[in-house]
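Notes for the one structure printed next.
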Amino acid sequence: MPAAATSTTQTYAAGNAVDGNAASYWESANNAFPQSLTVDLGASRTVDRVVLKLPPGWERRTQTLSVLGSTDGSSYSTLAASAARVFDPAAGNNVSVALPSGDRRFVRVTVTGNTGWPAGQLAELEVYGGGTTTPPPTTTAPPTTAPPTTAPPTGNLAAGRPVAETSHVDVYGAANTVDGNANTYWESANNAFPQSVTVDLGSARPVARVVLKLPPSAAWQTRTQTVAVLGSTDGSSFSTLKTAAGYTFDPAGGNSVSIALPAGDSRFVRLTVTGNTGWPAGQLSEFEVYAS
């Protein structure tokens with residue numbers, strides 16, 4: 001069914017919440033609560049429950065949310081007051097919210113807080129009514145060709161994921177490295193090497209390559225940064241995936257560097273910068289992680 005959101009980030013659009021695939025998700029603009037996701041059922045239908053999902057591999061988080069309903073898409077009434085809802089991977093990262101039975105065409109979830117990421121996030125918004133106790137097969141049956149539990153991850157695994165840093169200056173925080181925008185960047189404290197940035201992929205995944213970028217503008221002259229790559233499955237004990245080496249970022253080559261890694265699973269991937277010929281700090285506009 002059609003879905004709309006107050007905002008989205010990158011490719012994490014509202015339609016992902018109604019596509020029957022719990023691995024895709026909607027994510028709102030960051031640091032801008034409240035945010036809402038609204039589904040149009042096409043006609044007024046009996047509604048008495050919603051089921052909210054996050055991707056099954058994501059770490060535990062609590063989202064504060066309310067559920068509203070409308071028959072005309074203009075006037076909304078509160079069906080479930082704002083409350084903290086815990087998404088726990090041990091329970092499938094699913095939350096079921098009972099509603100007073102009644103006819104609604106539009107169902108809206110409004111998120112005002114999230115302990116796991118500063119945005120509204122939903123992989124699936126499922127709506128039930130008339131005593132339905134199990135989801136329709138079309139929304140729960142996994143793809144016949146590649147079940148989500150076994151399908152290899154694709155694309156940039158670090159996109160939009162939680163990221164931490166040892167330090168940053170001004171507005172150049174680590175979140176800039178996973179926002180999909182090569183014009184924003186992370187910059188560490190100056191004259192204070194080593195400096196690190198660490199991304200949490202949400203669960204242990206095959207990691208074979210990282211791609212590091214600086215802004216492509218010719219204003220960023222050629223520079224060499226000395227970088228090591230480390231990995232961890234628990235966020236506590238890290239092993240070296242690639243020893244420290246000098247990598248040249250050249251605007252003529254897009255200011256991009258690709259580093260191949262030994263095959264293995266990591267949940268946390270860390271870059272440690274110990275030198276930069278262009279500026280006395282660690283600098284990165286994009287930190288991308290790939291399984292192949």
Side-chain angles (χ1 to χ4, degrees), residues 8-14 16-28 30 33 35 37 49-67 80 82-98 109-128 133-135 137 139-143 146-164 174-175 178 198-207 231-238 264-270 289-291:
T8 62
T9 295
Q10 298 179 47
T11 60
Y12 308 117
N16 291 344
V18 292
D19 64 359
N21 178 9
S24 66
Y25 60 96
W26 162 70
E27 182 174 299
S28 73
N30 290 187
F33 291 116
Q35 297 287 343
L37 180 72
R49 182 169 60 105
V50 295
V51 175
L52 313 177
K53 299 181 179 180
L54 288 181
W58 283 20
E59 64 274 16
R60 178 187 170 105
R61 68 197 63 201
T62 299
Q63 295 194 74
T64 303
L65 56 88
S66 58
V67 183
S82 183
R85 309 285 180 173
V86 178
F87 294 80
D88 187 343
N93 265 342
N94 294 350
V95 167
S96 181
V97 182
V109 175
T110 297
V111 184
T112 55
N114 184 345
T115 63
W117 195 252
Q121 295 174 311
L122 282 178
E124 291 296 301
L125 166 51
E126 299 176 351
V127 181
Y128 299 97
T133 57
T134 56
T139 62
T140 59
T149 55
T150 59
T154 60
N156 175 17
L157 305 178
R161 298 301 305 161
V163 63
V178 293
T198 305
V199 64
D200 177 358
L201 305 180
S203 61
R205 302 188 176 198
V207 171
S232 171
T233 56
D234 60 6
S236 176
S237 176
F238 281 80
D265 289 355
S266 294
R267 171 174 173 173
F268 300 87
V269 182
R270 174 174 294 169
V289 180
Y290 296 94

Identify the two heavy atoms, one from Gly160 and one from Gln10, that lie closest to each other, and give their separation to 0.1 Å. N-NE2, 4.1 Å

In terms of heavy-atom contacts, Gly120 and Val111 come closest through CA-CG1, 4.0 Å

Distance in Å, Glu126 CD paired with Leu52 CG, rounded so as to fall on 0.5 Å steps: 9.0 Å

Interatomic distance, OG1@Thr62 vs CG@Asn114, rounded to 0.5 Å, equals 8.5 Å

Restricting to non-hydrogen atoms, name the atom on Ala17 and the atom on Leu37 that form the minimum distance, rounded to 0.1 Å. CB-CD2, 3.5 Å

Rounded to the nearest 0.5 angstrom, the CD-OG1 distance for Gln63 and Thr110 is 12.0 Å

How close do Leu157 and Ala291 get, counting heavy atoms only, and between which atoms? CD1-N, 4.2 Å

Value rounded to 0.5 Å, distance of CG in Leu122 from CG in Asn93: 11.0 Å

Specify the closest pair of heavy atoms between Val97 and Ala80, including all atoms of both residues, with the distance to one decimal. CG1-CB, 3.8 Å

Can you tell me how the ring of Tyr12 sits relative to the ring of Tyr25, calling it parallel under 30°, perpendicular over 60° and tilted otherwise? parallel

Is the shortest side-chain heavy-atom distance between Arg270 and Ser232 below 4.5 Å? no

Pick one: which of Arg61, Lys53, Arg60 meets salt bridge (Lys or Arg N to Asp or Glu O under 4.0 Å) with Asp88? Arg60

Hey, could you give me the CG/OG1 distance between Asp265 and Thr233, rounded to the nearest 0.5 Å? 9.0 Å

From CG (Leu54) to CD (Glu124), nearest 0.5 Å: 10.5 Å

Can we say Arg267 and Asp200 salt-bridge, meaning some charged N sits less than 4.0 Å from an Asp/Glu carboxylate O? yes

State, with a plain yes or no, whether a side-chain heavy atom of Val289 is found less than 4.5 Å away from one of Arg161. no

Would you name the heavy atoms of Phe238 and Thr198 that are closest together and state the gap between them? CZ-CG2, 4.2 Å

Trp58 vs Gln121 side-chain heavy atoms within contact, under 4.5 Å: yes

Verify the distance criterion only: is there a donor paired with an acceptor across the side chains of Glu27 and Trp117 at less than 3.5 Å? yes

